[in-house]
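Note: hydrogens, waters and symmetry copies are ignored here, and every other heavy atom, side chains too, is used.
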Number of protein chains: 2
Amino acid sequence: MSIHLLPVGRPFVPPVPIPPSYLLDGVGKARLVSLSTALPLAERDTLEPLSRRVSLDQKETLFGQDEPACSVFNVTSGALRLYRILPDGRRQVTGFAFPGDFVGLSMLDRYAVSADSLGPVTACRFERLAFRDLVCRQPGLMMHLHEITGQELSRAKDMMMLLGRRTADERIATFLTGLQERYVRIGRSSVTLELPMGRLDIADHLGLTIETVSRTLSRLDRDRCILIVPGGVRVIDQSRLDLLSAH
Amino acid sequence: MSIHLLPVGRPFVPPVPIPPSYLLDGVGKARLVSLSTALPLAERDTLEPLSRRVSLDQKETLFGQDEPACSVFNVTSGALRLYRILPDGRRQVTGFAFPGDFVGLSMLDRYAVSADSLGPVTACRFERLAFRDLVCRQPGLMMHLHEITGQELSRAKDMMMLLGRRTADERIATFLTGLQERYVRIGRSSVTLELPMGRLDIADHLGLTIETVSRTLSRLDRDRCILIVPGGVRVIDQSRLDLLSAH
DNA sequence: CCCGGTCCTTGATCCATCGCAAAGTCCGTC
DNA sequence: GACGGACTTTGCGATGGATCAAGGACCGGG
């Protein structure tokens with residue numbers, strides 16, 4: 001797990017062109033926009049000059065739901081929590097954003113969710129209108145971004161199925177395997193699955209209570225399916241987890 | 001409840017215009033593509049020549065989940081049910097498509113859901129690749145379609161909140177007021193709210209069982225909040241419904 | 001007008017998950 | 001190295017919605 005913490009280093013070195021959170025592409029060139037979603041290099045190069053760095057400390061707000069959406073973001077390091085809250089305080093965490101993920105890509109006038117940082121986060125900020133104009137001029141790029149939004153929509157439908165029809169065990173298992181896959185895609189796969197979010201965040205993501213999340217994880221641990229370790233879990237019985245999360 | 005059946009004649013003349021699937025725009029011209037989502041006329045005119053009519057009978061399948069997505073559709077009349085099914089038969093109805101709604105707009109390689117008709121349906125079919133090419137050449141149009149997808153994504157997040165955190169009463173109330181709004185937007189608003197889908201569809205949409213849906217509707221009826229009528233409901237106490245569905 | 005099928009409603013009971021309360025753990029700070 | 005605060009775990013009892021089991025309403029066809 002300590003490997004993952006390495007690139008974060010000093011969180012903020014302002015004006016220098018190559019701060020710690022720049023990711024490297026295959027050629028070793030520093031990149032501000034890190035697109036695990038596999039935007040072609042040419043498109044990344046188009047976007048890059050438009051961006052400004054943003055750094056967030058732990059638990060800082062990036063933007064709030066219904067605020068005028070004046071920026072689009074691409075996460076560089078750390079993780080964001082995306083959520084909505086009802087007037088009475090009930091919360092639904094709609095998702096988490098990891099390095100490479102875009103946030104606010106649907107470019108509506110107002111943000112559909114609130115976003116804050118789980119730990120220290122760096123991201124690229126794009127001024128929405130400029131982003132929009134640029135993208136408008138590059139149909140290929142726009143198609144790619146549209147496709148990314150389409151994938152997010154498909155995942156939203158996975159979530160509906162999960163929230164509407166699956167049991168607590170299945171929700172937890174699906175959550176864990178889903179995280180695994182995301183980590184693999186951003187090259188962070190490892191024996192231990194890091195859980196940068198707390199139990200309450202998981203509960204509010206999966207439509208459960210914190211107690212049910214805790215109990216379910218404990219049971220999976222007791223059954224030697226996973227091993228609860230500080231900061232995450234280690235998957236012991238992958239096939240059982242896959243079975244539970246099968247869809 | 002039997003009282004309610006007395007005074008209500010035949011309130012739901014099936015909303016089939018003649019010729020059934022063409023909608024009229026302000027000028028009275030017949031249109032194949034009916035875009036309640038307010039695509040500018042110019043953009044509709046661009047799309048129209050690409051489309052082919054599709055007609056479905058009751059309960060016919062338009063496409064199945066994971067099938068290669070070779071078409072994009074725009075519903076003209078009737079309503080579609082969009083859903084996913086787990087291997088063991090549990091179903092999540094992710095939504096319903098009404099006249100003006102696009103289906104398959106995210107243009108992934110495979111359909112993210114299955115779609116079938118609740119009653120007779122007509123729609124415009126666009127060959128996906130041609131649609132894609134055309135749209136690529138019209139950045140403004142593509143932005144609009146992207147925005148529509150963004151709105152769908154936002155509604156998907158509403159659904160997550162609903163499925164993850166709201167009570168059965170609230171789910172039903174939210175479902176009803178949501179339908180009201182959609183009907184208003186397509187100019188179908190009326191005292192009685194037509195429910196073209198069965199109780200089981202509502203249950204599978206809201207993450208409930210058919211019994212809970214039936215009981216909840218019955219209770220709202222008993223409490224004089226709504227009136228259950230054949231084919232739909234009449235809203236009696238709008239403010240209570242709005243209160244329950246408040247977000 | 002009756003028959004059979006499908007859908008809807010209602011009652012009785014069950015159970016997965018919730019809600020509350022009390023420890024327990026971790027971690028940073030003084 | 002002990003204190004405080006935030007988070008997590010666990011036990012126990014409560015409950016909203018599920019499940020099981022009858023009926024009832026509606027509808028099309030013969």
Side-chain angles (χ1 to χ4, degrees), chain A residues 1 5 57-59 81 88-93 118-120 162-173 195-223 226-233 244, chain B residues 1-6 8-12 14 57-59 81 88-93 118-119 162-173 175 195-223 226-233 244:
Chain A
M1 191 168 342
L5 299 178
D57 244 18
Q58 204 166 120
K59 303 198 179 187
R81 163 176 65 193
D88 64 7
R90 282 174 290 177
R91 185 179 69 153
Q92 177 68 34
V93 171
L118 291 171
L162 180 135
L163 293 169
R165 286 293 176 238
R166 310 199 77 175
T167 65
D169 295 345
E170 291 172 332
R171 294 183 201 200
I172 294 286
L195 297 177
M197 69 294 289
R199 299 286 189 264
L200 188 56
D201 293 324
I202 298 177
D204 284 348
H205 183 48
L206 302 181
L208 302 170
T209 58
I210 185 176
E211 294 96 331
T212 300
V213 170
S214 182
R215 274 189 264 266
T216 304
L217 285 173
S218 295
R219 180 155 22 82
L220 287 173
D221 179 297
R222 204 177 314 122
D223 297 351
I226 63 172
L227 196 62
I228 298 176
V229 298
V233 301
L244 273 172
Chain B
M1 198 159 326
S2 47
I3 311 166
H4 304 145
L5 300 178
L6 291 177
V8 187
R10 264 254 92 220
F12 295 123
D57 244 17
Q58 205 167 118
K59 303 195 179 187
R81 164 177 61 194
D88 63 6
R90 282 175 289 177
R91 185 180 68 153
Q92 177 68 34
V93 171
L118 291 171
L162 180 134
L163 293 168
R165 285 297 177 232
R166 309 198 76 174
T167 65
D169 295 347
E170 291 172 333
R171 293 182 201 200
I172 294 285
F175 174 66
L195 296 178
M197 68 294 287
R199 299 287 189 262
L200 188 57
D201 292 323
I202 299 178
D204 284 348
H205 182 47
L206 302 181
L208 302 170
T209 58
I210 186 176
E211 293 96 330
T212 299
V213 170
S214 183
R215 273 189 262 269
T216 304
L217 285 172
S218 294
R219 180 155 20 83
L220 288 172
D221 178 300
R222 205 176 312 121
D223 297 350
I226 63 173
L227 198 62
I228 297 175
V229 298
V233 301
L244 272 172

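- Taking the screw axis at each terminus of the helix from C:dC1-D:dG30 to C:dC30-D:dG1 from five consecutive base pairs, the angle between the two is 30° to within rounding of 10 degrees.
- How far CG of B:Leu244 is from OG1 of B:Thr167: 7.0 Å, rounded to the nearest 0.5 Å.
- B:Arg165 CZ to A:Asp88 CG: the interatomic distance, rounded to the nearest 0.5 Å, is 11.0 Å.
- Between the CG atom of B:Asp201 and the P atom of C:dC7 there is a distance of 9 Å, rounded to whole Å.
- The backbone N or O of B:Leu118 lies less than 3.5 Å from no partner atom in the side chain of B:Arg81, so there is not a single donor-acceptor pair.
- What separates CD1 of B:Ile172 from P of C:dC8 is a distance of 12 Å, to the nearest Å.
- Nearest nucleotide to the B:Lys59 side chain, out of C:dC8, C:dC7, D:dT8: C:dC7.
- In this entry the distance linking CG of B:Leu195 with P of C:dC7 reads 16 Å, nearest Å.
- Of the candidate nucleotides D:dT9, D:dG17, C:dT10, C:dT10 has the atom nearest to the side chain of B:Ser218.
- Separating the CZ atom of A:Arg222 from the P atom of D:dT10 is a distance of 7 Å, rounded to the nearest angstrom.
- Counting to the nearest Å, the P atom of C:dC26 and the CD1 atom of A:Ile228 are 12 Å from each other.
- A distance of 6.5 Å separates CG of B:Asp169 from CG of B:Leu220, quoted to the nearest 0.5 Å.
- A search for salt bridge (charged side-chain N to carboxylate O under 4.0 Å, His left out) contacts involving B:Asp57 returns nothing, not counting sequence neighbours.
- A:Leu200 places its CG atom 14 Å from the C1' atom of D:dT9, with the value rounded to the nearest Å.
- Rounding to the nearest 0.5 Å gives a distance of 6.0 Å between CZ of B:Phe175 and CG of B:Leu195.
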I'd like a table of atom pairs between the protein and nucleotides 18-21 of chain D - only N or O on both sides, under 3.5 Å - with the distance next to each one.
unit_1 : atom_1 : unit_2   : atom_2 : d
D:dA18 : OP1    : B:Thr209 : N      : 3.4
D:dA18 : OP2    : B:Thr209 : N      : 3.2
D:dA18 : OP2    : B:Thr209 : OG1    : 2.9
D:dA18 : OP2    : B:Thr212 : OG1    : 2.4
D:dT19 : O4     : B:Arg215 : NH2    : 2.6
D:dC20 : N4     : B:Glu211 : OE2    : 3.2

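- Residue B:Arg90 contributes atom CZ, which lies 13 Å from atom C1' of C:dA16 at whole-angstrom precision.
- Between the CG atom of A:Asp204 and the P atom of C:dT17 there is a distance of 17 Å, rounded to whole Å.
- No option in A:Leu206, A:Asp204, A:Ile210 other than A:Leu206 meets the side-chain contact (heavy atoms from CB on, under 4.5 Å) test with A:Leu208.
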